Amino acid sequence: MLLDAPRTPLHLADVPEPTAQRGQVLLRVHVCALCRTDLHIVDGELTKPKLPLIIGHQIVATVAQVGEAVERVAVGDRVGVPWLGWTDGVCRYCRSGRENLCEHARFTGYDIDGGYAEYAACDERFCFRIPQGFHDLQAAPLLCAGLIGYRSLVAAGDAERLGLYGFGASAHIITQVARHQGRRVFAFTRKGDQASQRFALQLGAEWAGDAMEPGPEPLDAAIIFAPVGALVPAALRAVAPGGTVVCAGIHMSDIPSFPYDLLWGERVVRSIANLTRRDGEEFLALAPRVPVRTEVTPFPLDDANAALDTLRRGDVQGAAVLVVDEQAAQPA
Ligand SMILES: [Zn+2]
Ligand SMILES: [Zn+2]
C-alpha cells in the first residue's frame, strides 16, 4: 500500500521486491500494526517522509533471506521491526546510550519502506526476536504501542498513582504493565467515551473519566498518549507537586498557555522521542512476564485506508493490525 503524497489515500501497487543489502535481511511480512504516527505521516503532520513511501513500523515477519555479513538472525526466524530503523552509531547521542536521539537516525515506514507490504528489508541490528507465547497479531502492537508506552512509563519514574490520557493501543498495554508493577492506574478519556472507560476498567484501571477534569485524587505522574496539546495543562492540573507529565506522541496540537502555578511545585513536563534497542529488549522480556494480552482488530492489507480512518476516529478498542499474510498470521 503506497503513499504517493501526504493527504492522499494509500493505494495498492506492485513494486519491486526489496533485496537484502549487506547487513540487512529480507522479511516476509505476516502482520503490521497501525500506529498514530502512521496517521501523522499520511496527514502531512510529519513533513519529511521519503516518497513514494510504504508506511508501517510494527512489523511481525519471518526472515526470507539474509544479506552478506548478517550474523544475528537466520532464514526462518520470526522477528519484529520497530520505528527505529538505523542509527549512525557515532554521534554524541549514540555514544551516550541515547540512540533514540541520533542525529542521523532513519525510521521504519518514514525514511525506510515499512510493513504495509508483503516484503520489507531491514537492518539485522534493528529487529527483535518476538517472545514465545505471542502469536503474530498479538505481538505486533508491542513493537511501538508497547515499546514507546514502556519508555514513557520508565520516564514517569516510580509514580504510584499513574494517569493515562487517551486510552488507545499504548494505554491498553501500559495499564497491564503498570498494574503488574503494583501501580494504581487512572484512565482519562474523551468526555462521555464510555466504551473506552469500560475497557480501561476491565484492564485494571481503578477509575476512568473525563480527561479535562482532575481525577478523584492527585496523580504522581501522567502519560499523554492522545495528540491533543490541551491535555498538557489538564494533566498538570491533575498531578501532585513533584509529578511528571510525559508526552508520548511524536506530534501534538499546540499547547495552550497556562499559569506558571500549574508547573510550580517542581512539576515536570517532558516528551518521549523514539526508542532505543535497549528499550525493545527490556520491554519484550517484560511483556511475557506480565503477561501482556493485547486486544486487536484485524484488517486485510488492502483495507489499510479504512483501518487508518477507524483509528483516526478513535473507534478501535486496543490496536488495529493489518494482516498481510493470512496463512502465516494464524494463531499457532
Ligand atoms: Zn547517532
Ligand atoms: Zn509508532
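Treat the numbers as computed from the prediction; the structure is a model and nothing was measured. Atoms within each ligand, like the ligands themselves, are counted from 1 in listed order.
With rounding to the nearest 0.5 angstrom, the CZ atom of R190 is 11.5 Å from the CG atom of D210. Atoms CG and CZ, from L147 and R151 in turn, are 10.0 Å apart once rounded to the nearest 0.5 Å.
An angle of 130° is found at the Zn ion (ligand 2) between C35 atom SG and C144 atom SG, rounded to 10°.
Taking the N/O/S atoms of H57 in turn, the shortest distance to the Zn ion (ligand 2) belongs to NE2.
Among residues two or more places apart in sequence or in another chain, the ring-ring contact (aromatic ring centres under 6.0 Å, His included) test is passed with Y165 by F188.
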CA sep, side-chain torsions, deciding dist, call: M252, I224, side chain to side chain contact (heavy atoms under 4.5 Å, CB included): CA-CA 10 Å; M252 201 179 231; I224 303 179; 3.6 Å; yes
Please walk me through it: do H57 and Y110 pass ring-ring contact (aromatic ring centres under 6.0 Å, His included)? CA-CA 9 Å; H57 58 267; Y110 189 59; 9.6 Å; no
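Cluster annotation: I223 is not connected to I255 through the hydrophobic network of ILVMFWY side chains, with a link wherever side-chain heavy atoms come within less than 4.5 Å.
Counting only protein N, O or S atoms closer than 2.8 Å to the Zn ion (ligand 1) gives 4.
Taking the six-membered ring for Trp, F199 and H172 have ring centres closer than 6.0 Å.
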